[in-house]
Amino acid sequence: MGYVPGNWLPGGTPDPLIERRVTLGTQQSRVDGPDKVRGAAHFAAEVPMEGLLYAACVHSTIPRGRITELDVAAAETAPGVALVMTHRNAPKMAVPPPIGLTNLKAAGNNILPVMQDAEIRWNGQTVAVVLAETQEQADLAASLIKVGYEAAVARTRFEKAKADARTPDSLMIEKNRLKKGDVAVALQAAARSVDAIYRTPWHNHTPIEPNAATIAWKGDRLTVHDATQMLNGTAGSLAKVFGIKESQVYVSSPFVGGGFGGKALWDHQILGAAAAKLAGRPVRIALSRASMVRLIGGRSPTEQRVALAAAADGRLKGLLHHGFSVKPPHSACDEAFTLTSRSLYASESFDVVQHTIDLDVLANTFMRAPGEAPGTFALESAMDELAHELGMDPIELRRRNVPDRNPVSGAPHSQSDVMLAYDLGAKRFGWDRRAAAPRSRREGEWLIGMGCATGSFPYARMPGMTVRITLDGSGHATVSSAAHEMGMGTATVQRQHTADRLGLPLESVTVTIGDTSLPFGSFAGGSSQTASLGAAINAASGKLAVELLRLAGNDTPLAGLRPAEIEFVNGGLRKIGEPSRYESFVSILKRAARDQISVTGVSSAPLEMLKFSMHSRSAIFCELLVSDVTGEVRVDRLVGCFDCGRILNPKTAASQFRGGMIMGIGMALTEEALFDERTGRVMSASIADYHVPAHLDVPDIDILWTDIPDPRTPMGARGIGEIGITGVAAAIANAAFNATGKRVRELPLTPDKFLFA
């Protein structure tokens, strides 16, 4: 891609805010915090509506077949019931368009007909929706519905289905199969090698806020208050499903109680809108934890083979990463666990490919760090095994194999210094106290171990993200976009960004996000929203400078200047290098007799991703205890050092990193969706059965970062939402090996695996 300028950025040169920061880089509390503390922040299931009905779902109990009996009489006459909707009376609806990078106005995950026929396609599919005056009445009536089935042969067994696995041409936007050199020859000639199978289980989404929507029709106009991380995608999808214009759908989602990839478009929003249309009244559909398991997809299980061939000095001669994941044809999500192996380490040869298994199950979907989370567990566990075989310190092995550019494409790094992260993290952690020999440290029954692993996540920036900046006569700027707030501090950081970009104090900036009446937003996913919004604000600020110079005219110290000659500072414009040639926004607008001025900026095509290898990396360190009696694992300390560009707000960033690492603890030790292969049913249908870390499971977590700016990104920053989880499971597993001498290659690391390994 030689036509892409080497210094490409929105604006053509490295962002001046990389160095010229006033509020960026400072600790700022989230602007939505006070409303949330007071209970004034309304989430999707809290929006009041007059005449509201409450929905309850009835789910199929077989994985494949047809409905032969559907007795709803008792439910229809139950107290408070207003409607029972089944495939017999549901309105005609189109199949939702699939989520993807080629259509940012689509958000569908489960690409199947929704309540259009008697076919059952997975265990948990909705077969009836009950609407009643209260949630309790709806739940009771739902329990009265009798359903009979004619079961068909279903594909529910992972191992058996491997024989018919498909090999897709691409994963996400990458070519699936990679062969470079001859890994088989490298393995035969290697001084040391490892070749092992690693497994990760099904994972469910378990955000604090369950998936929910409050829905109303007014004529042919649809209003949806949704818990979504895809505002415009949800609006566009619902318009397609119901055969109306996108402009007839209004979606509001100012606050989301955790998304992590599970809050796009699923069947419940479609069913709620269809039922509201039939009933002629607003509907609230708030999924129970059990209904979430049935209707909201999670992370696919994986089986991964990683083989590493090394010379005596530890340099990699061959890297093989093969494996299987589940992806039915009606799923839009790749669990692309092999992508990390293409960029993280230099090797003379590569053999990378993965296969997808078609099962009769609910569509899998994106889950925090899709692909990279399970992929780094396998690759980084294998690196630790190789270090043990070589008798080499695990950090030193990584140091010898860190590439100076992308090892497959040859593209230069935009910015990368993972070994600085290792140096800083190792010093903070006290890595020099680690005993190289496993099972060397003990306190009573507790074996003590230390481990490390690298985390990785790619940079992404979405085109089309749109921002409107409105500057009023008092010099106050309002930034508006259909962006999302899922607790990470979007409005807070972009307020800081806008203040620095326009030379304004924080109190002179307001950020408005969260509904589709605002300029187009892509989605909050792939750690892309900060860069996408940042690029759009940057573009809008350039247009604002042009418009202000035009309004200023000739009777101004700015007369005759071009946009490239001026800068935003102190609530106005001035000539670069000549401070006396300055005029405030207030003065310009007053003289032009304008109350305000508005401009719109759009995030352009992310050409930087085509020219450079762009990844965030981390060095994760773990110290833990393993009981020699019970096999229990207790994580004692975690340290994460992150190399992910400039940190925009240390307070919100540390929270993001820490949250991701806690999710990594869950992935390593407790999280597993128990799947009954006989019936295709998820058995762990509540938080009592699907264990996420509680306060007592979470140790001291120390966060630090390199804070080196990436010159190819807006503000020098890369996304940080997902890098926190990657590498954590491997660091914990590696520390457990160091403690016990037992190598466990299957998550979660439950006590039985240490007692009977």
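Start at 1 with the first residue, then count along the sequence.
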* Polar side-chain atom of Ser655 near backbone of Lys651 as donor-acceptor pair, under 3.5 Å -> no

* If we only count heavy atoms from C-beta on, is the Glu372 to Pro458 side-chain gap below 4.5 Å? -> yes

* Structure fact -> All heavy atoms of Ile725 vs all of Met667, minimum pair found to be CD1-SD, 4.5 Å

* side chain to side chain donor-acceptor pair (under 3.5 Å) partners of residues 53-67, not counting sequence neighbours, each pair once -> His59-Ser291, Arg66-Glu119

* **Any Val31 side-chain heavy atom under 4.5 Å of Val511 side chain** => no

* Asked: Once the angle between the rings of Phe255 and Phe43 is folded into 0 to 90°, is it parallel (under 30°), tilted (30 to 60°) or perpendicular (over 60°)?
  -> tilted

* Asked: Hey, is the main chain of Ala363 close enough, under 3.5 Å, to the side chain of Ser331 for a donor-acceptor pair?
  -> no

* How long is the gap from OG on Ser252 to NE2 on His42, to the nearest 0.5 Å? -> 11.5 Å

* **Polar side-chain atom of Asn538 near backbone of Gly601 as donor-acceptor pair, under 3.5 Å** => no

* To do: State, with a plain yes or no, whether a side-chain heavy atom of Phe260 is found less than 4.5 Å away from one of His205.
  => yes

* Can you tell me if CD1 on Ile173 sees more than 12 non-hydrogen neighbours from other groups inside 6.0 Å? -> no

* Note: Glu485-Arg30 ion pair, threshold 4.0 Å (strictly below) -> no

* Pairwise side-chain contact, Leu362 with Trp266, heavy-atom cut-off 4.5 Å (strictly under) -> yes

* Can you tell me if Thr510 uses its side chain to pair, donor with acceptor, with the backbone of Thr478 under 3.5 Å? -> no

* Asked: Within the side chain of His225, is there an N or O that forms a donor-acceptor pair under 3.5 Å with the backbone of Pro48?
  -> no

* For the student: nearest non-hydrogen atoms of Pro113 and Val95, plus distance -> N-CG2, 4.0 Å

* **Interatomic distance, Trp202 atom CH2 to Leu674 atom CG [nearest 0.5 angstrom]** => 12.5 Å

* **Residue pair Trp122 / Leu112, side-chain heavy-atom distance below 4.5 Å** => yes

* Given Tyr149 and Ile67, is the side-chain contact (heavy atoms from CB on, under 4.5 Å) satisfied, shown in steps? -> CA-CA 5 Å; Tyr149 304 97; Ile67 299 170; 4.2 Å; yes

* Is there a donor in the side chain of Thr23 and an acceptor in the side chain of Gln28, or the other way round, less than 3.5 Å apart? -> no

* To the nearest 0.5 Å, how far apart are CZ in Phe675 and CE in Met683? -> 9.0 Å

* Would you give the length of the straight line joining atom CG of Asn364 to atom NE2 of His330, rounded to the nearest 0.5 angstrom? => 8.5 Å

* Would you name the heavy atoms of Ser481 and Thr466 that are closest together and state the gap between them? => OG-O, 2.8 Å

* Might you point out which heavy atoms bring Asn109 and Ala264 nearest each other, and give the distance in Å? => ND2-CB, 3.2 Å

* Hey, are the side chains of Phe457 and Arg718 touching, using non-hydrogen atoms and a 4.5 Å cut-off? -> no

* Can Arg681 and Arg294 be said to form a side-chain contact (heavy atoms from CB on, under 4.5 Å), step by step? -> CA-CA 8 Å; Arg681 194 162 184 83; Arg294 312 291 174 224; 3.4 Å; yes

* Structure fact -> Separation between NE2 (His268) and CG (Leu287), nearest 0.5 Å, reads 5.0 Å

* **Beyond-backbone contact of Met115 with Thr126, side-chain heavy atoms, under 4.5 angstrom** => yes

* More than 12 foreign heavy atoms under 6.0 Å from CE of Met49: is that the case here? -> yes

* Does Glu335 pair with Lys327 as a salt bridge, N-O distance under 4.0 Å? -> no

* Steps toward side-chain contact (heavy atoms from CB on, under 4.5 Å) verdict (Ile145, Val130) -> CA-CA 10 Å; Ile145 294 175; Val130 177; 3.7 Å; yes

* **Any Ile687 side-chain heavy atom under 4.5 Å of Arg289 side chain** => yes

* Okay, side chain of Thr214, backbone of Arg284: is any donor-acceptor separation there less than 3.5 Å? -> no

* Could you tell me whether a side-chain N or O of Arg88 sits under 3.5 Å from a main-chain N or O of Leu70, the two making a donor and an acceptor? => yes

* Asked: Just by distance, with hydrogens left out, do Gln596 and Thr470 show a side-chain donor and acceptor under 3.5 Å apart?
  -> no

* From Asn110 CG over to Ile99 CD1, what is the distance, rounded to the nearest 0.5 angstrom? -> 12.5 Å

* Residues, nucleotides or ligands: over 12 heavy atoms within 6.0 Å of Lys146 NZ -> no

* Return yes if some donor-acceptor pair links the side-chain N/O of Gln116 with the main-chain N/O of Val114 below 3.5 Å, else return no. => yes

* To do: Measure across Ala535 and Ser603 and return the closest heavy-atom pair with its distance rounded to 0.1 Å.
  => CB-OG, 3.7 Å

* Judged by atom type as modelled, is there a donor-acceptor pair below 3.5 Å linking the side chain of Thr726 to the main-chain atoms of Ile723? -> yes

* Residue Lys277 excluded, over 12 heavy atoms near NZ under 6.0 Å -> yes

* Neighbour count above 12 (heavy atom, 6.0 Å) for Gln27 CD -> yes

* Is there a side-chain contact (heavy atoms from CB on, under 4.5 Å) between Lys263 and Glu209 once you walk through the steps? -> CA-CA 10 Å; Lys263 286 186 175 170; Glu209 177 200 31; 2.8 Å; yes

* Asked: How are the rings of His203 and Tyr690 set relative to one another: parallel (under 30°), tilted (30 to 60°) or perpendicular (over 60°)?
  -> perpendicular

* Shortest non-hydrogen separation from Asp515 to Leu231 and the atoms involved -> N-CD1, 3.7 Å

* **Whether Thr234 side chain and Leu265 backbone form a donor-acceptor pair below 3.5 Å** => no

